[in-house]
Student: 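Before I ask anything, let me first share the structure, which is written out below as structure tokens.
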Amino acid sequence: MPASTTFDLPIAGMTCASCAGRVERALRKVTGTEQVSVNLATEQARVQAPADSLPALVGAVRQAGYSVPTRTLELQIGGMTCASCAGRVERALGKLPGVEQASVNLASERAHVEVLQGIDDSLLIAAVQKAGYSASLPRSAVDEHQQAQRRLRNERLAVGAALLLALPLVLPMLLQPFGLHWMLPAWAQFLLATPVQFILGARFYVAAWKAVRAGAGNMDLLVALGTSAGYGLSLYQWANAPAGMAPHLYFEASAVVIALVLLGKYLESRAKRQTASAIRALEALRPERALRIVDGLEQDVAISQLRIGDLVLVKPGERFPVDGEVLEGSSHADEALISGESLPVPKQPGDPVTGGAINGEGRLLVQTRALGTETVLARIIRLVEDAQAAKAPIQKLVDRVSQVFVPAVLVLALLTLLGWWLAGAPLETALINAVAVLVIACPCALGLATPAAIMAGTGVAARHGILIKDAEALERAHAVNRVVFDKTGTLTSGSPRIVHQQSAASDDEALILAGALQRGSEHPLAKAVLEACSERGLHVPQVNDSQSLTGRGIAGNVDGRDLALGNRRLLDESGAQPGELASSAATWEAEGRTLSWLIERGAQPRVLALFAFGDSLKPGAAQAIDALHARSISSHLLTGDNRGSAKVVAEALGIDDVHAEVLPADKAATVTALKQHGVVAMVGDGINDAPALAAADIGIAMGGGTDVAMQAAGITLMRGDPRLVPAALDISRKTYAKIRQNLFWAFIYNLVGIPLAAFGLLNPVLAGAAMALSSVSVVSNALLLKTWKPTAIDQEAP
């Protein structure tokens, strides 16, 4: 049994002594537990139990009905060179008591760790360092950018020096096809190769030693062993060469391999920086300072000094420093990098503004509503970082392969050496072929294949207003063949407008009279009438003796005429006859429209007009459905509204299937039933959509919706444009295709290259070039995703 250790578990949810007793009894039931004491005041449990029993202890607390609070942090990891390195860091973190989950991204060089509250960060950093790598808490974006630039500059200098020293060594081999036979003397080759091997190539020895000390292997170990064998063989041949004869040396092979590997790592680092460009672009939107208004005076202050409710002045051309509400002024805001909205958005008093957006032509006085981690921009960055840190399910296959890859290559290299030697080949031939096996079998491409594509895909999606919360959602979304839409707020605007009007005389005159009755009212139907008057440029007169008719409508005197506007009950009470409008009323009611009758009251009451109100379709809704159909994805409408209004929307958009009058509690069941026939994505924006979003294979929350909906969804659209739905599925498909392409080439490269090297058909120099090219090609292929644009949105609506 593992050695006993003491755990201090934080416990949440305990309210009384009986709770503490219940937790204590639950912990005592865990096998191997020796001592348990639960402190209600400090909300902690001290447990002495086997070192590997932490998961069981946490599970026991949760099963008893209480929670063990956790926190999530990120660590910057240095020194990783391949997939096996990332796996080693993961295992080192995962073995620590208190670590619930650890995920390491080779492309971003970060570890995403979920730990119990109270676990010191220094313990995590020490565990990574013990595994042979460096670790630190993430620095500011500016510091990180500067450090990356310094590292790239140093790598560039090392590559340049290595290539300059290796070129004279490889030059004779390049001149041989032209009939020029020339060779540097042995001492010159030694002087050129030695600094490449032991100064510029020192990083491989250091990293290889750390891996061996940790009982594992990595790319650096393969490179160090392979090039050292070539270098050592050259020294042996030189020392034992007969007097007066030029020895057959392999200094050029070891030096060129190191130069090419350094070149490949430099190009790879540059490419990886580009995959993270979306995060850097978002972080660059954060202003450092703001103009705070206090007692009418302007104060230039740091963002950290602002508080909720502070007044901030934003001048034309400046970025909004905070999330807030416009109090004074009018302007436009460029929100392209935040929401993907290409056109400037008008801003008036009462409108919200988002920190990081660019103010247009006017000065605005803004009241602060959100700061720091609660701003929209901070949440976007957090979502993108989480998605890029997470592992796609397909990556699990790569992780399993990487664990055995390096040991398997070492065995193959040894078999190659023994095979050639036993077959009668000279020892130097056997050794060179074994070196080629070691050099070409680099697991870098394998480790970068998935994370590079995910980082590029989630990054370009974020730039177009599509936030993908996790890699699993990204991977699963490519297989969606059914999309279920909520109606109100998703495909429709969520606010009523006049969709039909029929008048006894002039439509404009009837609308003017209805607008006059509705002046000053905050009712949604009143706003629809007044908006229609505004759109037609109609002047609305004053109303006198206005009175609300509870449950029926409104009445008043307009230009000496006694008028009323309301529902069917008002019509029946007035005694007016609908006449020829009765047929239209029946038709529009069947469509699920809300009807309002304009009546002139008096001795002989008469109907002046009939208005039908309905929810307007969002611009782009029809294009979104057409784009889905073009991809052979069926569309479904899921709404609690009546069948008439649902049918009208479905017919207008060409939706395949309608589920109307569905209670919020039953929406999830409907989605679950649809999942029996395919992979389902649910699109919604309200609290009542959250269960359905969670039940679907992929939940897609529309921008402008509730936080609950966004929390339940795997993908969040930053603006309420339905065309972003097919766009999100499209970038998912393209990203998944890149992952498969990268993994195919990474696997096929090794499947082809290792046998060629083992059978002597690939010398170490070509093997080194191919190895360097493989990593660069994988990352470059992923970077092609940066050219993606949502085509359905680029096209004009017909």
Side-chain angles (χ1 to χ4, degrees), residues 282-381 465 489 493-495 497 515 518-524 526-540 542 619 703-707 718-721:
L282 288 169
E283 288 176 334
L285 299 181
R286 291 169 164 163
E288 297 292 329
R289 306 190 68 81
L291 280 178
R292 182 170 60 187
I293 305 299
V294 179
D295 297 330
L297 299 177
E298 297 180 8
Q299 296 179 349
D300 186 356
V301 299
I303 297 296
S304 59
Q305 296 180 13
L306 292 177
R307 297 293 180 265
I308 302 296
D310 281 355
L311 300 181
V312 175
L313 180 65
V314 186
K315 297 178 180 179
E318 292 182 343
R319 293 194 183 276
F320 292 100
V322 295
D323 288 5
E325 179 183 322
V326 177
L327 295 185
E328 294 179 10
S330 62
S331 184
H332 287 77
D334 181 356
E335 300 177 348
L337 276 176
I338 298 170
S339 68
E341 178 60 65
S342 57
L343 297 177
V345 180
K347 296 297 178 183
Q348 306 286 344
D351 289 340
V353 293
T354 304
I358 301 174
N359 184 25
E361 70 283 359
R363 289 166 60 98
L364 296 177
L365 184 64
V366 175
Q367 187 170 38
T368 303
R369 297 296 189 205
L371 291 167
T373 59
E374 298 305 314
T375 63
V376 170
L377 181 58
R379 290 166 63 192
I380 292 173
I381 292 173
S493 64
S495 56
R497 61 185 293 269
Q518 300 283 24
R519 283 190 66 160
S521 173
E522 291 298 320
H523 193 280
K527 291 182 178 180
V529 172
L530 294 171
E531 283 177 7
C533 291
S534 177
E535 289 172 2
R536 297 191 195 181
L538 304 177
H539 173 68
V540 179
Q542 293 287 340
T706 65
D707 287 342
M718 287 305 294
R719 61 186 191 278
D721 189 340

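Bear in mind the structure is a predicted one, so any value in this text is a computation, not a measurement.
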Student: Minimum heavy-atom separation for Ala370 to Thr375, with atom names?
Tutor: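 Answer, listing the atom of Ala370 first, then Thr375: O-CG2, 3.6 Å.
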
Student: Where do Pro321 and Pro287 come nearest, in terms of heavy atoms and distance?
Tutor: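 In this case the closest contact between Pro321 and Pro287 is CA-CG, 3.7 Å.
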
Student: Can you see which heavy atom on Asn359 is nearest to which on Ser331, and at what distance?
Tutor: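 So the two residues come closest at OD1-OG, 2.8 Å.
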
Student: Working to the nearest 0.5 Å, report the span between CD of Glu325 and OG1 of Thr368.
Tutor: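 It is 11.5 Å, given to the nearest 0.5 Å.
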
Student: What closest approach, in Å, do Leu530 and Gly515 show between heavy atoms, and which atom pair accounts for it?
Tutor: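 Scanning both residues completely, I find the closest heavy atoms to be CD2-O, 3.5 Å.
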
Student: Is the shortest heavy-atom distance from the side chain of Pro352 to the side chain of Asp323 under 4.5 Å?
Tutor: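 Pro352 does not reach Asp323 side chain to side chain.
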
Student: To the nearest 0.5 angstrom, please state how far the CD atom of Gln348 sits from the CG atom of Leu364.
Tutor: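 Result: 9.0 Å between the selected atoms.
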
Student: Dump the intermediate steps for side chain to side chain contact (heavy atoms under 4.5 Å, CB included) on Val353 and Val326, then the final yes or no.
Tutor: CA-CA 7 Å; Val353 293; Val326 177; 3.6 Å; yes

Student: Give, for atom CD of Glu298 and atom CD1 of Ile293, the distance between the pair rounded to the nearest 0.5 Å.
Tutor: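 Going from CD on Glu298 over to CD1 on Ile293, the span is 4.5 Å.
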
Student: How long is the straight-line distance from CZ of Arg289 back to CG of Leu306, given to the nearest 0.5 Å?
Tutor: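 Output value for this atom pair is 10.0 Å.
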
Student: So, Arg497 side chain and Ala528 main chain: donor-acceptor pair closer than 3.5 Å or not?
Tutor: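 Judged by distance alone, no pair lies under 3.5 Å.
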
Student: Working note: Arg363 + Leu313, criterion side chain to side chain contact (heavy atoms under 4.5 Å, CB included); need CA distance, chi angles, decisive distance, verdict.
Tutor: CA-CA 7 Å; Arg363 289 166 60 98; Leu313 180 65; 3.2 Å; yes

Student: Under the 3.5 angstrom rule, does the side chain of Arg292 hit a backbone N or O of Val301 as a donor-acceptor pair?
Tutor: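 No.
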
Student: Could you tell me which non-hydrogen atom of Ile303 sits nearest to which non-hydrogen atom of Ala290, and how far apart they are?
Tutor: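 Between these two residues, the closest heavy atoms are CD1-CB, 3.8 Å.
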
Student: When rounded to the nearest 0.5 angstrom, what distance separates NE2 in His332 from CD in Glu361?
Tutor: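 CD of Glu361 is found 5.5 Å from NE2 of His332.
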
Student: Heavy atoms only: give me the nearest Gly329-Pro349 pair and the separation to one decimal.
Tutor: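 Minimum heavy-atom contact is O-CD, 3.3 Å.
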
Student: Could you state the interatomic distance from OG1 (Thr354) to CE (Met718), rounded to the nearest 0.5 Å?
Tutor: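 Answer rounded to 0.5 Å: 7.0 Å.
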
